[in-house]
*Asks:* 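Would you mind keeping the following structure in view while I ask a few things?
Only a predicted model underlies this, so the values are computations on that prediction, with no experimental measurement involved. In this chain, residues are counted from 1 in sequence order.
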Amino acid sequence: MLRLSRLHHRPFTTMVRQASKRKQVSEVTSGSDTETPKKQKKSTAFVPFDPSVPTNTTMPDTYDFLAAPPGGVKLASYNVNSLKAAMRKGYTNYVKAENADVLCLQETKVNEPVPDAVDDKVYKYRYWSYEDKKGYAGTAVFSKVKPSQVVYGIPGHEASSRGRVITTHFKDFVLVACYIPNAGEGLKNLDSRIVFNTHMEKYLRGLQQDNKRVIWTGDLNVAHTEDDIARPKTNLRSAGFTIEERTDFTKLLTDSEDPKLPAMIDTWRRLHPTTKGHYTYYGYRFNCRSKLLGWRLDYFVITPDLEDRVIESEIRQTAYGASDHVPIVLVLRDTEL
């Protein structure tokens with residue numbers, strides 16, 4: 001009522017002048033007495049590169065995975081982000097359905113073996129590594145076949161890698177299963193991460209020097225290229241996407257000066273060279289899974305002498321919900337453990 005009262009008491013001549021000004025402005029800006037529609041703000045919502053990727057946030061009840069071919073081997077790697085928690089959320093069904101010959105886990109967050117982590121009748125050989133800090137890091141390797149040798153940590157750098165690296169030697173290859181340290185919030189651990197990278201590169205190159213066929217797998221905590229992360233431009237100084245971390249990873253994917261040390265191969269990217277929007281990590285915050293906002297942090301990297309044996313390198317996108325990561329799988333033909 002107060003607003004109406006003020007309008008009725010406004011002088012008529014003033015109202016006419018204001019109306020005339022509005023009309024003049026309209027005629028100048030639009031060429032008519034119709035106002036130009038306001039431009040809509042451009043949406044900043046992320047649009048998935050591949051909307052066909054599943055967006056489930058709980059683990060499926062069933063899976064349809066193929067077995068390794070006769071004479072072949074299936075390897076799986078999975079950052080479980082707390083093994084005991086994952087076991088309550090569908091991890092066990094996934095492990096049974098995948099039926100990998102060797103299963104590698106990262107970030108188990110345990111300090112002693114978990115007896116029912118796998119069926120001990122299937123995986124008779126189980127190897128665990130632990131951090132001194134309780135409930136932190138931790139890796140495990142479960143195998144159907146006994147390896148000829150098991151090495152914990154990176155030789156010469158054991159103190160910083162004891163709970164993060166397990167190497168198992170099999171008949172046709174050496175498997176290096178890793179959980180690479182995160183550079184941390186504000187990149188507080190970037191310097192120590194770079195030191196770790198240096199020791200890891202030296203270790204892998206040393207295995208090559210010894211004429212070993214090498215498979216390097218796990219949560220390597222780096223999105224290698226802009227195609228391996230949903231939002232590269234806003235994460236240039238985020239842990240896992242710094243130029244330092246990406247450059248260190250590139251070194252191993254590049255030929256060495258020594259002809260005996262050729263470039264290692266990122267198997268998933270080799271088989272999917274132009275694919276975008278397929279990630280292995282979707283953070284719990286900000287509904288990242290439902291928005292398909294992710295990072296590809298988990299890898300199977302091989303020496304080139306294994307390349308012609310690779311028949312599958314896949315991201316198990318449906319197996320999300322037991323962890324903030326999804327498992328990855330590598331299948332080789334004509335290979336023995």
Side-chain angles (χ1 to χ4, degrees), residues 43-68 74-100 103-108 118 179 217-232 234-235 238 240-241 266-301 310-331:
S43 174
T44 58
F46 175 73
V47 178
F49 292 104
D50 185 353
S52 70
V53 175
T55 57
N56 58 297
T57 56
T58 57
M59 298 288 273
D61 293 326
T62 59
Y63 300 90
D64 185 20
F65 299 142
L66 295 176
K74 182 196 280 192
L75 311 175
S77 176
Y78 192 6
N79 179 323
V80 292
N81 188 21
S82 177
L83 176 57
K84 291 180 180 179
M87 291 171 66
R88 297 191 295 268
K89 300 177 185 178
Y91 152 90
T92 302
N93 284 343
Y94 162 74
V95 170
K96 290 179 179 178
E98 191 69 78
N99 193 28
L103 172 64
C104 308
L105 303 184
Q106 303 88 47
E107 208 171 357
T108 58
V118 288
Y179 175 43
T217 190
D219 178 358
L220 305 187
N221 249 322
V222 60
H224 185 219
T225 72
E226 291 192 356
D227 289 344
D228 298 313
I229 182 174
R231 284 181 164 161
T234 58
N235 283 289
S238 295
F241 196 62
D266 172 357
T267 58
W268 188 88
R269 183 54 72 191
R270 180 61 60 89
L271 295 177
H272 309 85
T274 61
T275 300
K276 295 184 179 182
H278 289 238
Y279 309 117
T280 64
Y281 165 77
Y282 303 89
Y284 289 138
R285 298 178 66 191
F286 310 119
N287 299 315
C288 287
R289 173 64 172 184
S290 60
K291 298 174 185 176
L292 296 180
L293 278 165
W295 303 51
R296 189 169 73 96
L297 301 177
D298 304 78
Y299 298 80
F300 276 103
V301 178
V310 175
I311 58 175
E312 182 180 355
S313 182
E314 292 299 333
I315 300 171
R316 296 300 197 209
Q317 289 291 356
T318 59
Y320 184 86
S323 168
D324 49 6
H325 288 247
V326 292
I328 57 172
V329 172
L330 180 71
V331 180

*Asks:* Can you tell me how far the CG atom of D219 sits from the CG atom of L297, to the nearest 0.5 Å?
*Replies:*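 It comes to 5.5 Å.
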*Asks:* Not counting sequence neighbours, list each pair that qualifies as a salt bridge (charged side-chain N to carboxylate O under 4.0 Å, His left out) and has a residue in residues 271-283.
*Replies:*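 Residue pairs with at least one partner in residues 271-283: D227-K276.
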*Asks:* Between atom CZ of F241 and atom OG1 of T225, what is the distance when rounded to the nearest 0.5 Å?
*Replies:*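 Rounded to the nearest 0.5 Å, the CZ-OG1 separation comes out at 7.0 Å.
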*Asks:* Heavy-atom distance under 4.5 Å between the side chains of T217 and L75, does that happen here?
*Replies:*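 Counting from C-beta outward, T217 and L75 never come under 4.5 Å.
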*Asks:* Minimum heavy-atom separation for G240 and W295, please, with both atom names.
*Replies:*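 It is C-CZ3, 3.9 Å.
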*Asks:* With sequence neighbours excluded, what pairs up with Y299 under the ring-ring contact (aromatic ring centres under 6.0 Å, His included) test?
*Replies:*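 Residues passing ring-ring contact (aromatic ring centres under 6.0 Å, His included) with Y299: F249.
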*Asks:* How far apart are the closest heavy atoms of F49 and A230, and which atoms are they?
*Replies:*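 Heavy-atom minimum between the residues: CE1-O, 3.8 Å.
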*Asks:* Let me confirm one number: the CG-CG distance from D298 to L220, rounded to the nearest 0.5 Å.
*Replies:*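 If I round to the nearest 0.5 Å, the distance is 7.5 Å.
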*Asks:* Suppose we screen for salt bridge (charged side-chain N to carboxylate O under 4.0 Å, His left out). Which residues come up paired with E314, at least two apart in sequence or across chains?
*Replies:*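 Not a single residue meets the salt bridge (charged side-chain N to carboxylate O under 4.0 Å, His left out) criterion with E314.
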*Asks:* Which residues pass the side chain to side chain contact (heavy atoms under 4.5 Å, CB included) test with N81, not counting sequence neighbours?
*Replies:*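 Counting only residues at least two positions away or on another chain, N81 forms a side chain to side chain contact (heavy atoms under 4.5 Å, CB included) with N79, E107, K109, Y284, S323, D324.
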*Asks:* Give me the atom names and distance for the closest heavy-atom approach of A86 to V80.
*Replies:*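 Scanning both residues completely, I find the closest heavy atoms to be CB-O, 3.8 Å.
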*Asks:* Using every non-hydrogen atom in the two residues, find where P232 and E226 come nearest and quote the distance to one decimal.
*Replies:*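 In terms of heavy atoms, the two residues are closest at CB-CG, 3.7 Å.
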*Asks:* Could you pull out the closest heavy-atom pair between Q106 and C104, with the gap in Å?
*Replies:*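 Result for this residue pair: NE2-O, 3.6 Å.
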*Asks:* Could you list the residues that satisfy side chain to side chain contact (heavy atoms under 4.5 Å, CB included) with A67, not counting sequence neighbours?
*Replies:*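 Residues passing side chain to side chain contact (heavy atoms under 4.5 Å, CB included) with A67: none at all.
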*Asks:* Please report the interatomic distance CZ(F300) to CD(E312), rounded to the nearest 0.5 Å.
*Replies:*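 One finds 10.5 Å between CZ of F300 and CD of E312.
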*Asks:* Of L292, T318, I315, which is the lone residue that meets side chain to side chain contact (heavy atoms under 4.5 Å, CB included) with V53?
*Replies:*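 The side chain to side chain contact (heavy atoms under 4.5 Å, CB included) with V53 is passed solely by L292 among L292, T318, I315.
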*Asks:* Apply side-chain hydrogen bond (donor to acceptor under 3.5 Å, both in side chains) to T267 and list each qualifying residue two or more places apart in sequence or on a separate chain.
*Replies:*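 T267 satisfies side-chain hydrogen bond (donor to acceptor under 3.5 Å, both in side chains) with S313 once adjacent residues are dropped.
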*Asks:* Salt bridge (charged side-chain N to carboxylate O under 4.0 Å, His left out) with R269: which residues, sequence neighbours excluded?
*Replies:*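 Salt bridge (charged side-chain N to carboxylate O under 4.0 Å, His left out) check on R269 returns D228.
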*Asks:* Do W268 and I328 touch side chain to side chain, with heavy atoms closer than 4.5 Å?
*Replies:*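 Counting from C-beta outward, W268 and I328 never come under 4.5 Å.
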*Asks:* Check side-chain hydrogen bond (donor to acceptor under 3.5 Å, both in side chains) between Y282 and all other residues, then give those that pass, not counting sequence neighbours.
*Replies:*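 Counting only residues at least two positions away or on another chain, Y282 forms a side-chain hydrogen bond (donor to acceptor under 3.5 Å, both in side chains) with Q317.
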*Asks:* Which residues pass the side-chain hydrogen bond (donor to acceptor under 3.5 Å, both in side chains) test with N93, sequence neighbours left out?
*Replies:*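 Listed in chain order: nothing, the list is empty.
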*Asks:* In terms of side-chain heavy atoms, does H224 have a donor or acceptor partner in D266 at a distance below 3.5 Å?
*Replies:*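 On atom types as modelled, these side chains do not qualify, holding no pair under 3.5 Å.
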*Asks:* Which residue pairs pass the side-chain hydrogen bond (donor to acceptor under 3.5 Å, both in side chains) test when at least one of the two sits in residues 82-92, sequence neighbours left out?
*Replies:*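 Every candidate side-chain hydrogen bond (donor to acceptor under 3.5 Å, both in side chains) pair involving residues 82-92 fails, so no pair, neighbours aside, qualifies.
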*Asks:* Can we say K74 and E98 salt-bridge, meaning some charged N sits less than 4.0 Å from an Asp/Glu carboxylate O?
*Replies:*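 Looking at K74 and E98, the cut-off is met.
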*Asks:* Among L271, V331, L330, exactly one meets side chain to side chain contact (heavy atoms under 4.5 Å, CB included) together with I311. Which residue is that?
*Replies:*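 Passing option: V331.
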*Asks:* Write down the atom of D50, the atom of S52, and the distance for their closest heavy-atom approach.
*Replies:*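 Residues D50 and S52, closest heavy atoms: OD1-OG, 2.5 Å.
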*Asks:* Start with the C-alpha gap between K291 and T55, add the side-chain angles, then the distance that decides, and say whether side-chain contact (heavy atoms from CB on, under 4.5 Å) holds.
*Replies:* CA-CA 7 Å; K291 298 174 185 176; T55 57; over 6 Å; no
*Asks:* Y179: what forms a ring-ring contact (aromatic ring centres under 6.0 Å, His included) with it, not counting sequence neighbours?
*Replies:*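 Y179: no ring-ring contact (aromatic ring centres under 6.0 Å, His included) contacts found.
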*Asks:* Among all residues two or more places apart in sequence or in another chain, which pass the side-chain hydrogen bond (donor to acceptor under 3.5 Å, both in side chains) test with T108?
*Replies:*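 Scan of T108 (side-chain hydrogen bond (donor to acceptor under 3.5 Å, both in side chains), adjacent residues dropped) gives none.
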*Asks:* Ring of Y94, cation from R316 - is the NZ or CZ under 6.0 Å from the centre and inside 45° of the axis?
*Replies:*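 Geometry flag: not set, cation outside 6.0 Å or 45°.
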